[in-house]
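To start, the structure itself, in structure tokens.
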Protein chains: 2
Amino acid sequence: MLAAERREHLLDLLGRTGKIVAKDVAAELGISEDSVRRDLRDLATEGLCQRVYGGALPVSPAVVDYDARQAVAPDGKRKVAAVAAALVRPGGSVILDGGTTALAVARALPKNLACTVITHSPTIATALIDHPRADLFLLGGRVFKHSAVTCGAAAVEAAQNISADLCLLGVTGVHPEAGLTTGDVEEAAMKRALSARAADTYVLASSEKIGTASSYHVLPWAKITGLISDTDPHAPVVERLRALGVDVLIAA
Amino acid sequence: MLAAERREHLLDLLGRTGKIVAKDVAAELGISEDSVRRDLRDLATEGLCQRVYGGALPVSPAVVDYDARQAVAPDGKRKVAAVAAALVRPGGSVILDGGTTALAVARALPKNLACTVITHSPTIATALIDHPRADLFLLGGRVFKHSAVTCGAAAVEAAQNISADLCLLGVTGVHPEAGLTTGDVEEAAMKRALSARAADTYVLASSEKIGTASSYHVLPWAKITGLISDTDPHAPVVERLRALGVDVLIAA
DNA sequence: CCTGTTCTTGCACGATGTTGCATGTATCTT
DNA sequence: AAGATACATGCAACATCGTGCAAGAACAGG
């Protein structure tokens with residue numbers, strides 16, 4: 001049995017049964033426990049499993065939970081969020097994407113602002129419950145766990161029935177050639193659907209997103225009204241976007 | 001069973017049932033009470049539980065900064081929720097209403113249960129994000145602030161496209177003559193729409209709801225499969241409901 | 001084809017972690 | 001106050017871990 005094959009098997013087993021007992025796997029595959037232990041150690045180093053006495057467990061969901069609940073947004077995100085929140089006019093309507101930056105925007109909205117917020121993120125909806133004058137509309141659909149938003153056919157369909165002045169979109173990558181990108185194909189489609197329902201679309205991109213690209217393309221620059229970021233106002237990427245006619249707002 | 005796995009189990013149990021009895025867990029898992037005690041001592045040292053004579057309790061809500069766990073449900077609601085959660089079969093589908101009791105049900109669902117949960121409550125959706133095997137479907141619509149659920153025409157329409165084995169409905173009043181009642185007319189309509197999409201409908205009613213009535217009628221007894229409550233099993237109201245053919249489950 | 005190098009694997013062994021039991025003590029119940 | 005229950009501690013038996021080491025496989029270069 002190939003070493004890579006063995007690791008594959010371990011990850012598969014971990015995914016299916018939720019745990020690995022070194023002794024059992026060694027017996028099952030007819031190899032020494034030492035090899036299994038070595039594999040598990042490597043896997044753990046790569047963050048693919050959590051090593052425990054006697055075997056291994058899946059990466060602790062608590063780690064995932066942690067960033068989702070990270071109460072305080074990093075400084076960059078907060079600055080970006082403040083600028084974005086200021087774009088929401090009293091009486092206006094805004095489509096809010098999911099993600100931590102968008103959540104920061106929701107938190108940055110003045111508590112007594114009378115506006116309409118449309119979102120596909122239950123997290124953001126929950127965060128806005130205590131904004132008494134905000135009209136909240138939630139787009140339903142299948143909930144995608146890893147980003148905590150609704151996606152898929154039902155959600156896209158629901159989006160067809162609404163429209164708004166402004167759409168605030170989070171992405172994971174902003175790259176002059178690759179454009180706006182995100183890590184999931186369904187999410188990318190959902191973002192397109194949201195953006196299409198708003199008069200203006202602004203992209204939220206804290207500095208660490210600038211110049212990077214993920215797997216799935218979201219929108220061409222032509223469909224974007226502006227970009228909000230806390231990156232250097234004279235960065236080459238920024239100048240490039242300005243040349244393309246994108247309204248770049250720098251959060252200081 | 002791995003030691004780390006055991007600790008996971010303890011934390012899960014603590015989250016779902018609100019308490020741990022060392023003796024019971026030891027018997028259940030087939031290990032010595034000493035091991036359970038040692039685990040609890042360690043968890044307590046890490047601030048993950050509060051050690052008490054005979055077992056452990058969740059850390060006081062003030063210490064926990066996770067917003068989701070902030071409100072520990074009162075005992076009655078938790079008992080009702082535990083019985084309700086047990087009605088959800090692996091592989092089955094359930095429509096979960098909004099409200100604090102339904103939220104308690106969501107928390108009482110075993111973390112690794114593979115099932116489909118349909119809800120119109122963003123709060124409940126958020127609470128179930130970290131149940132890796134639960135398929136989550138969120139019904140969209142206008143969000144009603146005071147109960148934090150989606151209601152109205154769009155939500156009712158969305159409900160028409162789904163169906164499930166079971167519907168767990170929260171109400172604010174259970175009265176032998178007035179029937180099931182709630183405090184908002186839109187919510188009442190939404191509850192009817194939800195109930196109509198499930199094969200069986202059970203009503204969640206912790207004891208303080210029994211015998212009371214609110215302004216808006218939800219459903220006649222005939223449409224209800226059963227009632228789950230922690231009230232006295234021989235209370236006149238209960239006997240009356242049984243006579244009407246309602247399956248009354250008493251949570252002890 | 002041969003040789004030296006590198007990598008992998010299984011084994012040995014001392015170190016460390018875990019478990020259940022026994023014992024004496026603390027705490028609860030009646 | 002007395003009996004019952006739960007607790008912490010020490011201990012012995014056992015399991016698991018990490019490391020060093022040697023044998024063998026894979027491979028590159030001559």
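All values below were derived from every heavy atom in this structure, side-chain atoms included, with hydrogens, water molecules and symmetry-related copies excluded. All chains are named by letter (A, B, ...) in the order of the sequence lines, taking the proteins before the strands, and each is independently numbered beginning at 1.
Relative to the axis of its first five pairs, the axis of the last five pairs of the helix from dC1(C)-dG30(D) to dT30(C)-dA1(D) sits at 40°, rounded to 10 degrees.
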If a protein heavy atom is under 4.0 Å from the base, mark B; if only from the sugar-phosphate, S; if neither, -; do that for nucleotides 19-30 of chain C going 5' to 3'. BBBB---BBS--
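Under 3.5 Å, the side chains of Thr100(A) and Lys77(A) contain a donor-acceptor pair of N or O atoms.
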In residues 178-190 of chain A, what donor-acceptor pairs under 3.5 Å come from side-chain atoms, sequence neighbours left out?
from, atom 1, to, atom 2, distance (Å)
Thr181(A), OG1, Ser214(A), N, 2.7
Asp184(A), OD1, Glu186(A), N, 2.7
Asp184(A), OD1, Glu187(A), N, 3.1
Glu186(A), OE1, Gly152(A), N, 3.4
Glu187(A), OE2, His146(A), NE2, 3.3
Glu187(A), OE2, Ser147(A), OG, 3.1

Mind listing the side-chain donor-acceptor pairs of residues 27-38 of chain B below 3.5 Å, one per line with the distance, residues two or more places apart or on another chain?
from, atom 1, to, atom 2, distance (Å)
Ser32(B), OG, Asp34(B), N, 3.4
Ser32(B), OG, Ser35(B), N, 3.3

Donor-acceptor list for residues 112-125 of chain B side chains, cut-off 3.5 Å, not counting sequence neighbours:
from, atom 1, to, atom 2, distance (Å)
Thr119(B), OG1, Leu96(B), O, 3.0
Thr119(B), OG1, Ser121(B), N, 3.0
His120(B), ND1, Thr150(B), O, 2.8
His120(B), NE2, Asp97(B), OD1, 2.8
Ser121(B), OG, Thr123(B), N, 3.3
Ser121(B), OG, Ile124(B), N, 3.0

Per-pair distances, 0.1 Å, donor-acceptor, side chain in residues 234-252 of chain B, under 3.5 Å, sequence neighbours excluded:
from, atom 1, to, atom 2, distance (Å)
Arg240(B), NH1, Glu177(B), OE2, 3.4
Arg240(B), NH2, Glu177(B), OE2, 3.3
Asp247(B), OD2, Tyr202(B), OH, 2.9

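The footprint of chain A on DNA chain D, defined by a heavy-atom cutoff below 4.0 Å, extends from dA15(D) to dT19(D).
Checked against salt bridge (Lys or Arg N to Asp or Glu O under 4.0 Å), Lys79(B) has the following partners two or more places apart in sequence or in another chain: Asp75(B). For Arg192(A), the salt bridge (Lys or Arg N to Asp or Glu O under 4.0 Å) test picks out no residue, with sequence neighbours left out. Partners of Asp42(B) according to the salt bridge (Lys or Arg N to Asp or Glu O under 4.0 Å) rule, which considers only residues two or more places apart in sequence or in another chain, do not exist here.
The pair Asp165(B)-Arg89(B) fails the salt-bridge criterion, with no side-chain N (NZ, NE, NH1 or NH2) lying under 4.0 Å from an Asp/Glu carboxylate O.
Between Leu48(A) atom CG and Asp39(A) atom CG the span is 12.0 Å, to the nearest 0.5 Å.
Crowding of Glu8(A) atom CD: a count of heavy atoms from other residues, nucleotides or ligands under 6.0 Å not exceeding 12. Heavy atoms from other residues, nucleotides or ligands lying under 6.0 Å from NZ of Lys145(B) number more than 12.
Among the heavy atoms of the strands lying under 4.0 Å from Val52(B) are primed sugar atoms or P, OP1, OP2 only; no base atom is included.
Counting only residues at least two apart or on different chains, the salt bridge (charged side-chain N to carboxylate O under 4.0 Å, His left out) pairs with a member in residues 46-56 of chain B are Arg7(B)-Glu46(B).
Only Lys23(A), listed by number, bring a heavy atom of residues 10-28 of chain A to less than 4.0 angstrom from any atom of DNA chain D.
Atom CG in Leu29(A) sits about 16 Å away from atom C1' in dT8(C), given to the nearest Å.
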